Number of protein chains: 2
Amino acid sequence: MAVLFANFEPMNPHEESRCENCIIRELNALRSLKKEELKAISDAKVTRTVKKGESIFKEGEKLNGVFCVRDGVSKLSKLSENGKDQIVKIASKGEVMGQRSLIAEEAANLSAIALNDMQLCFIPKENFTESISKNPEFIQALLKNMAHELKLADDVIVNMAQKTVNQRVAGILLYLDTHFGTDADGYLSLVLSRNDIADVVGTATELCIRTLTKFKKEGLIETEGKRIKISDHDALDQLWDGV
Amino acid sequence: MAVLFANFEPMNPHEESRCENCIIRELNALRSLKKEELKAISDAKVTRTVKKGESIFKEGEKLNGVFCVRDGVSKLSKLSENGKDQIVKIASKGEVMGQRSLIAEEAANLSAIALNDMQLCFIPKENFTESISKNPEFIQALLKNMAHELKLADDVIVNMAQKTVNQRVAGILLYLDTHFGTDADGYLSLVLSRNDIADVVGTATELCIRTLTKFKKEGLIETEGKRIKISDHDALDQLWDGV
DNA sequence: GAAAGCAACTGACAAAAGTCATCTTTTTCG
DNA sequence: CGAAAAAGATGACTTTTGTCAGTTGCTTTC
């Protein structure tokens, strides 16, 4: 399985996207939040609309709550010292952004930017931390979750350090396929700019484009504008695995 | 500050290294473990000696406890699919290994190998998980800790993806300096093989050696056998920062 | 203390990745 | 709509990184 992000499993598309559902899904696999807590959180939340390209929060900012993605997709990136952005995570429906910062009581380490029009729920810090301090099951679920994310992060470190750009580009394509699926024509549903793909892979945009062009010539993918269709999934898998 | 590992702050060298201290230090900045719990853990622990080069645990293994480092240094690495080892962390006195796996209830993601002769305390799973389930302050300290490690891991991802081998070699030298200090002659106290340095940096041993040779010619470092002395700390800093 | 084995090192070359300039296509917006 | 801006694409070139083959030198061990 192509691990380029410390992400959660793909969401069941039939799942509802109400806020109650979203916080349960991300933070609370064990359904450990009590009814009253959900109600309290639900009442406190503020819904916000963010347009494509707009910033949700920036690295270094102090967050006073967490954002739950109701709809749309956001990239979480960090500016490296050489001036290039590195995309560390892609958050979509049902995922929560900012909880790491709240828990660690640190400023945000990443910037969040909307990749398309989004609907967000904002849950104030107080509601979030209250659940942490008062509900042991909730903390345990959170802890387990973080421990799992930490493993995935280690995997990403290994992949970034050891895989070639070729392999990592194959990886992001497979990732987009398993996590966001394809449209009616077989094209990857989540359309990223070449520049964003390069920022995920950690390479220059030109090399990213060249790599995609090469994949196209080799019959691994087809493209139409910025849209990409995977035509030889197995070959991409093998490329990723280094066969 | 050079972040090549998701590690903790350097340990105060005057701190005692009894087990009570070690688990407090790593997992329990808030001194949240109660006296009786410490006693119970202390009684249950098993001390073990591991010689240089020996394995402590291997990735894929199921751990039935955590290891606390009493003395010596261990590398935590993962074999990438292309057959190369990537060192993800260096654990030294006072640090705990294996807790991530226990918390996530997953097999070990990393292998631990002693870099020199070591003294370890083994704390059985039951003692560890009991503290987790019964002591809310303990979990909170752990959670906060994990959240912080996650931030560091993200930083490492960015560094591996965006920095050159040159910069990353400078980074590990600075890291070794701040975390393990120097001996009487000014040489870095923790002596790694060129191969291990390469495995931290994520490059080939030959390139790692060449880079060190270049640093030597440029007057950034001096070497004597495998020992390394930093002669121009500022220049290494600037290199790391990409100035 | 000699042989074996390993780690450090070097040269020569190949492959991968980055950069700069330029051109084309698509998208955005007044 | 049409101009301007942004994104995509490609060529030519440089730099970085990887690989293979081999030498040197240290250290371990019988």
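Keep in mind that what you see is a predicted model, and the values were worked out from it rather than measured. Proteins get letters first, then strands, A, B, ... in listed order; numbering begins at 1 in each.
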Next item on the list: List the steps, then state whether side-chain contact (heavy atoms from CB on, under 4.5 Å) holds for A:V66 with A:M97.
Entry: CA-CA 6 Å; A:V66 297; A:M97 305 188 291; over 6 Å; no
Next item on the list: Would you check if there is a donor-acceptor pair between the side chains of A:T223 and A:K216 at a distance under 3.5 Å?
Entry: yes
Checklist line | Between C1' of C:dG18 and CG of A:D199, the distance in whole Å | finding: 15 Å
Checklist line | Worked verdict on B:S189 versus B:D183 for side chain to side chain donor-acceptor pair (under 3.5 Å) | finding: CA-CA 5 Å; B:S189 295; B:D183 63 19; 5.9 Å; no
Note to self: Closer than 3.5 angstrom, by distance alone: can the side chain of B:N116 be matched with the main-chain N or O of B:G72 as a donor-acceptor pair?
What the structure shows: no
Check: Separation of A:K52 atom NZ from C:dC29 atom C1', in whole Å?
Finding: 14 Å
Contacts under 3.5 Å, N or O only, protein and nucleotides 4-14 of chain C:
unit_1	atom_1	unit_2	atom_2	d
C:dA8	OP1	B:R194	N	3.1
C:dA8	OP2	B:R194	N	3.3
C:dC9	OP2	B:R194	NE	2.8
C:dC9	OP2	B:R194	NH2	3.2
C:dT10	OP2	B:T213	OG1	3.3
C:dG11	N7	B:R210	NH1	3.1
C:dG11	O6	B:R210	NH2	2.8
C:dA12	N6	B:R210	NH2	3.1

Check: Just how far, in rounded Å, is P of C:dA17 from CG of A:N82?
Finding: 16 Å
Item checked: B:N166 CG to D:dG18 C1', straight-line distance once rounded to whole Å -> 15 Å
Notebook entry, point to check: Is a donor on one side and an acceptor on the other found under 3.5 Å between the side chain of A:N82 and the backbone of A:K84?
Noted result: yes
Note to self: Any side-chain N or O of B:K163 below 4.0 angstrom from OP1/OP2 of C:dG18?
What the structure shows: no
Note to self: Measure CG/A:D196 against C1'/D:dG8 and give the value in whole Å, please.
What the structure shows: 14 Å
Note to self: According to ring-ring contact (aromatic ring centres under 6.0 Å, His included), who are the partners of A:F57, at least two apart in sequence or on a separate chain?
What the structure shows: A:F67
Next item on the list: Check the pair A:M118 / A:I56 against side-chain contact (heavy atoms from CB on, under 4.5 Å), numbers first and verdict last.
Entry: CA-CA 10 Å; A:M118 297 184 77; A:I56 298 160; 3.9 Å; yes
Note to self: Distance check needed: D:dG8 P versus A:K214 NZ, whole Å only.
What the structure shows: 19 Å
Item checked: Closest-nucleotide 5' rank along DNA chain D - winner of A:A161 and A:K217 -> A:K217
Next item on the list: Quickly work out the A:R227 CZ to D:dA7 P distance and round it to whole Å.
Entry: 19 Å
Next item on the list: Using whole Å, report how far CG of B:L207 lies from C1' of D:dC20.
Entry: 15 Å
Margin query: So, OP1 or OP2 of C:dT28: does either fall under 4.0 Å of a side-chain N or O from A:K51?
Written below: no
